[in-house]
Amino acid sequence: EAQVTQNPRYLITVTGKKLTVTCSQNMNHEYMSWYRQDPGLGLRQIYYSMNVEVTDKGDVPEGYKVSRKEKRNFPLILESPSPNQTSLYFCASSFIRESSYEQYFGPGTRLTVT
Amino acid sequence: DQQVKQNSPSLSVQEGRISILNCDYTNSMFDYFLWYKKYPAEGPTFLISISSIKDKNEDGRFTVFLNKSAKHLSLHIVPSQPGDSAVYFCAASGKSNDYKLSFGAGTTVTVRA
């Protein structure tokens, strides 16, 4: 089954304790992204990757890092989480061709930073 | 600066009838337009997309229409079913900005029995 998986689904942590949210896709897509969703602000892109070893900042990259060492994995790293990073996070994987653009989201990770 | 707007926050439709969701955009450089459905506590589900070289794309009960001159697109769902009750987002993207997606704020659809 084609899918995007994220782990963990729920996480409660304390300020300053480094954490990693994993994301994996089995569709061989080149393009992957991370978003956060906050009430009233909609979906905002944090980072994206157009291929292995190619990453770039989205709209709200501060406080986050990513890596893309393999095509299927795109982990999101919070080196020193702060309460303003409490949010719902989504990973996504995209298939883009000249006449087609499809994007598939993971189930989400609800992060609470106290 | 919101480049993609969904001006109707909600839509109520009777089961079996047509649902029409609208979306407007400001950036003429957008090449792709996507529609998603989202249930609470789940990730958005991709429904259908259209590239700027087309004006219509159809997939089962879902049809998307693109009017480039008006910078407007719409999603038609026919017939509407109770399981279609969800929040619907439109999004737009272009090669010129690395295919980054700009999302609308969403329209909540309620299908009445």
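Lettering follows sequence order; numbering is per chain, from 1. None of these values were measured; they are calculated from a predicted model.
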If one checks every heavy atom of A/Leu43 against chain B at 4.5 Å, the contacting part turns out to be both
Chain B heavy atoms under 4.5 Å from A/Tyr101: which part of the residue, side chain, backbone, both or neither?
-> both
Could you label the plane-to-plane angle of the B/Phe46 and B/Tyr36 rings as parallel, tilted or perpendicular, counting under 30° as parallel and over 60° as perpendicular?
-> perpendicular
Whatever's closer than 4.5 Å to a heavy atom in chain A on B/Ser93 counts as side chain
Which region of B/Ala91, side chain (C-beta onward) or backbone (N, CA, C, O), has a non-hydrogen atom less than 4.5 Å from a non-hydrogen atom of chain A, or is it both or neither?
-> neither
Output field: ring centroids A/Tyr35/B/Phe103 closer than 6.0 Å = yes
In residues 64-73 of chain A, which residues are in contact with chain B at a heavy-atom separation under 4.5 Å?
-> none
Should the pair B/Phe33 and B/Tyr25 be assigned to parallel (<30°), tilted (30 to 60°) or perpendicular (>60°) ring geometry?
-> tilted
Counting distance only, does the side-chain N/O of A/Ser49 pair as donor-acceptor with the main-chain N or O of A/Val54 below 3.5 Å?
-> yes
Using a strict 4.0 Å threshold on nitrogen-to-oxygen distance, state whether A/Asp38 and A/Arg44 make a salt bridge.
-> yes
What part of A/Gln6 gets closer than 4.5 Å to chain B, counting heavy atoms only: side chain, backbone, both or neither?
-> neither
Counting only heavy atoms closer than 4.5 Å, note whether B/Tyr32 contacts chain A via side chain, backbone, both or neither.
-> side chain
Contact origin within B/Asp31 toward chain A - heavy atom pairs under 4.5 Å = neither
With a 4.5 angstrom heavy-atom cut-off, which part of A/Arg97 approaches chain B: side chain, backbone, both or neither?
-> backbone
Between B/His76 and B/Phe62, is the gap from one ring center to the other below 6.0 Å?
-> no
Ionic contact status for B/Lys100 with A/Asp59, cut-off 4.0 Å | yes
Quick one: which of A/His29, A/Gln3, A/Glu102 gives a side-chain hydrogen bond (donor to acceptor under 3.5 Å, both in side chains) with A/Ser93?
-> A/His29
Please report the C-alpha distance between B/Ser69 and B/Asn67 in whole Å, then the side-chain angles of each, then the deciding distance to 0.1 Å, and finally whether the side chain to side chain donor-acceptor pair (under 3.5 Å) criterion is met.
-> CA-CA 6 Å; B/Ser69 61; B/Asn67 183 334; 2.8 Å; yes
Side-chain donor/acceptor of A/Asn7 to backbone N/O of A/Val21, under 3.5 Å = no
